[in-house]
Engineer: 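This is the structure, below, for whatever I ask next.
Quick note: numbers below take in every heavy atom, side chains included, and nothing from hydrogens, waters or symmetry partners.
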Amino acid sequence: MTKPHRYCAFGAEISSDLVLPELQSSDSVSDALVQIQAGDHEQWPSFEQSPHSTPTLQLSPQDWRLELEGIGWFRATGGERLEWQRWDDSVSDRDIRTFAVTSGLGALAIQRGALVLHGTALERDGEAILLLGHPAAGKSTLAWCLLQEGWRLLSSELVAVGSDGMVQPGMHQLKLWYDAAVALELDWAQLPPVRKGLKRYALMAQDLTCMPQPTPLRLIYALNRDKEDSGKGVDIEAEVEVEKVSLKASRNFSQTNALMRLRNQAFHARMYRGMDAEAQLFMQAAALARTVPLHALVVPDGIKAMAESLKKIDLMQPESMQQRKESKEEDTNDD
């Protein structure tokens with residue numbers, strides 16, 4: 001019998017019969033808190049589904065099941081066990097991993113009581129920032145640019161924040177769409193596709209600088225894309241031409257607006273509702289909104305403009321970026 005592989009992610013020791021290069025390897029000899037192994041969906045017991053279930057996603061308080069035609073079946077239970085089964089022999093380990101280490105581990109983390117957000121976390125000088133935003137907001141592209149400036153990746157795609165404000169190391173990979181990979185001058189043809197039929201590619205841990213330790217969260221940014229061209233702007237009040245900074249941060253969101261943004265960025269809100277953990281999400285998001293500042297971050301649409309602007313500002317210092325003057329910006333939510 002093959003010895004299981006050991007990993008550490010989202011605050012848990014993991015034993016897996018799958019090789020999971022997206023996660024940090026562990027040499028721990030302690031008992032694993034989470035087991036990942038093959039199962040048989042036909043042997044899974046029937047259960048009363050939450051009304052928030054869908055034809056592909058079945059939910060109850062400590063039971064999460066996902067069926068994806070052409071990929072397979074997944075089941076997370078009790079925060080301790082993740083089972084998987086291929087649709088057929090044509091499904092690769094990579095296709096299974098794509099869902100096991102995101103949705104599957106995300107469901108387990110919620111069952112274990114973690115605040116799990118859809119975002120990317122990076123570390124510098126012992127402190128972390130969290131980038132929130134919808135899938136096309138530019139989180140991975142901005143993260144790659146930050147890695148070139150000396151930052152380290154804590155977790156991408158889903159981020160677990162503890163009640164102590166610590167961000168746990170998680171997914172050590174970045175997923176870039178074809179256009180972004182080309183714009184960043186990466187050899188996309190040599191990168192593994194995230195899964196079959198998708199022009200999205202994975203940068204694995206060996207291609208990245210990663211942070212292996214939990215890190216205190218200093219700032220949260222909610223990303224928005226700016227369609228304007230970077231360059232020169234006009235300071236209307238001073239009536240003079242000024243240098244326009246491409247990356248722009250708002251003032252702090254109010255606690256109420258920060259709470260709403262955090263709730264909207266849960267990974268995923270339906271999973272929280274269906275597993276009867278919405279009250280847990282509200283309390284955790286409210287506590288985080290009280291203790292960690294959240295700013296809107298306007299990101300230039302052009303990748304080269306984004307990379308260049310990072311050389312002029314410091315994301316640990318929101319005041320280093322031109323403050324947007326629209327009074328209603330903190331109420332903007334593009335989710």
Engineer: Is it the case that Trp144 and Asp207 place a side-chain donor and acceptor less than 3.5 Å from each other?
Structural biologist: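 Judged by distance alone, the side chains do not pair up.
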
Engineer: Report whether Leu117 and Leu259 are members of the same hydrophobic cluster (ILVMFWY, side-chain heavy atoms less than 4.5 Å apart, transitive linking).
Structural biologist: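 They do not share one cluster, since no chain of ILVMFWY contacts under 4.5 Å joins Leu117 to Leu259.
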
Engineer: If you measure from CG on Leu115 to CG on Leu281, what distance do you get to the nearest 0.5 Å?
Structural biologist: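 Leu115 atom CG to Leu281 atom CG measures 6.5 Å (nearest 0.5 Å).
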
Engineer: Could you check whether any side-chain heavy atom of Lys175 comes within less than 4.5 Å of a side-chain heavy atom of Thr102, counting everything from C-beta outward?
Structural biologist: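 Result yes, sub-4.5 Å side-chain heavy-atom pair found.
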
Engineer: Counting only heavy atoms from other residues, nucleotides and ligands, does the tally under 6.0 Å from CD of Gln317 exceed 12?
Structural biologist: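 Buried by this count: over 12 neighbours within 6.0 Å.
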
Engineer: Of His41, Gln43, Arg75, which is the lone residue that meets side-chain contact (heavy atoms from CB on, under 4.5 Å) with Gln85?
Structural biologist: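 By the side-chain contact (heavy atoms from CB on, under 4.5 Å) criterion, Gln85 pairs with just one of His41, Gln43, Arg75: His41.
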
Engineer: Say whether, by atom type as modelled, one donor and one acceptor occur between the side chain of Tyr201 and the main chain of Ala181 under 3.5 angstrom.
Structural biologist: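 Not a single qualifying donor-acceptor pair exists.
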
Engineer: If you draw a 6.0 Å radius around CE in Met316, do more than 12 non-hydrogen atoms from other residues or ligands fall strictly inside?
Structural biologist: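 Enclosed.
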
Engineer: Any side-chain to backbone donor/acceptor pair from Thr215 onto Glu127? Under 3.5 Å, distance only.
Structural biologist: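 No; zero donor-acceptor contacts below 3.5 Å.
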
Engineer: Within the distance-only criterion (no hydrogens, no angle test), does the side chain of Ser156 pair as donor or acceptor with the backbone N or O of Gln173 below 3.5 angstrom?
Structural biologist: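 Side chain of Ser156 to backbone of Gln173, a donor-acceptor pair under 3.5 Å: yes, one is there.
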
Engineer: What distance do Thr291 atom OG1 and Ile220 atom CD1 have between them, rounded to the nearest 0.5 Å?
Structural biologist: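 Output value for this atom pair is 7.5 Å.
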
Engineer: For Phe99, does the CZ atom sit with more than 12 other heavy atoms under 6.0 Å from it, leaving out its own atoms?
Structural biologist: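 Counting other residues, nucleotides and ligands, CZ of Phe99 exceeds 12 neighbours.
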
Engineer: Measure the spacing between CD of Gln265 and NE2 of His134 and express it to the nearest 0.5 Å.
Structural biologist: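 Between Gln265 CD and His134 NE2, I get 9.0 Å after rounding to 0.5 Å.
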
Engineer: Would Glu157 and Lys139 count as a salt bridge (Lys or Arg N to Asp or Glu O under 4.0 Å) if you check the C-alpha gap in whole Å, the side-chain angles of each, and the deciding distance to 0.1 Å?
Structural biologist: CA-CA 9 Å; Glu157 200 156 347; Lys139 299 184 300 295; over 6 Å; no

Engineer: Look up atom CG in Leu105 and atom CD in Glu22, then write down how far apart they are to the nearest 0.5 Å.
Structural biologist: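 It comes to 9.5 Å.
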
Engineer: Hey, does Pro4 have a side-chain heavy atom less than 4.5 Å from the side chain of Asp17?
Structural biologist: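 The answer is no; the side chains never approach within 4.5 Å.
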
Engineer: Judged by atom type as modelled, is there a donor-acceptor pair below 3.5 Å linking the side chain of Gln58 to the main-chain atoms of Pro55?
Structural biologist: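 Such a contact is found between Gln58 side chain and Pro55 backbone.
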
Engineer: When rounded to the nearest 0.5 angstrom, what is the spacing between CZ in Phe267 and CG in Leu158?
Structural biologist: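 Interatomic distance, Phe267 CZ to Leu158 CG, rounded to 0.5 Å: 5.0 Å.
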
Engineer: With a 4.0 Å cut-off on N to O distance, would you call Glu83 and Arg81 a salt bridge?
Structural biologist: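 Between Arg81 and Glu83 there is a salt bridge, with a charged N closer than 4.0 Å to a carboxylate O.
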
Engineer: For Ala76, is there any backbone N or O sitting under 3.5 Å from a side-chain donor or acceptor partner on Gln111?
Structural biologist: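 Pair found, side chain donor or acceptor close to backbone of Ala76.
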
Engineer: Does Gln206, at its CD atom, have more than 12 non-hydrogen atoms belonging to other residues, nucleotides or ligands within less than 6.0 Å?
Structural biologist: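 Correct, the count exceeds 12.
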
Engineer: Indicate, with yes or no, if Leu186 and Met204 share a hydrophobic cluster defined by side-chain heavy-atom contacts under 4.5 Å among Ile, Leu, Val, Met, Phe, Trp and Tyr.
Structural biologist: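 No: no chain of side-chain contacts under 4.5 Å links Met204 to Leu186.
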
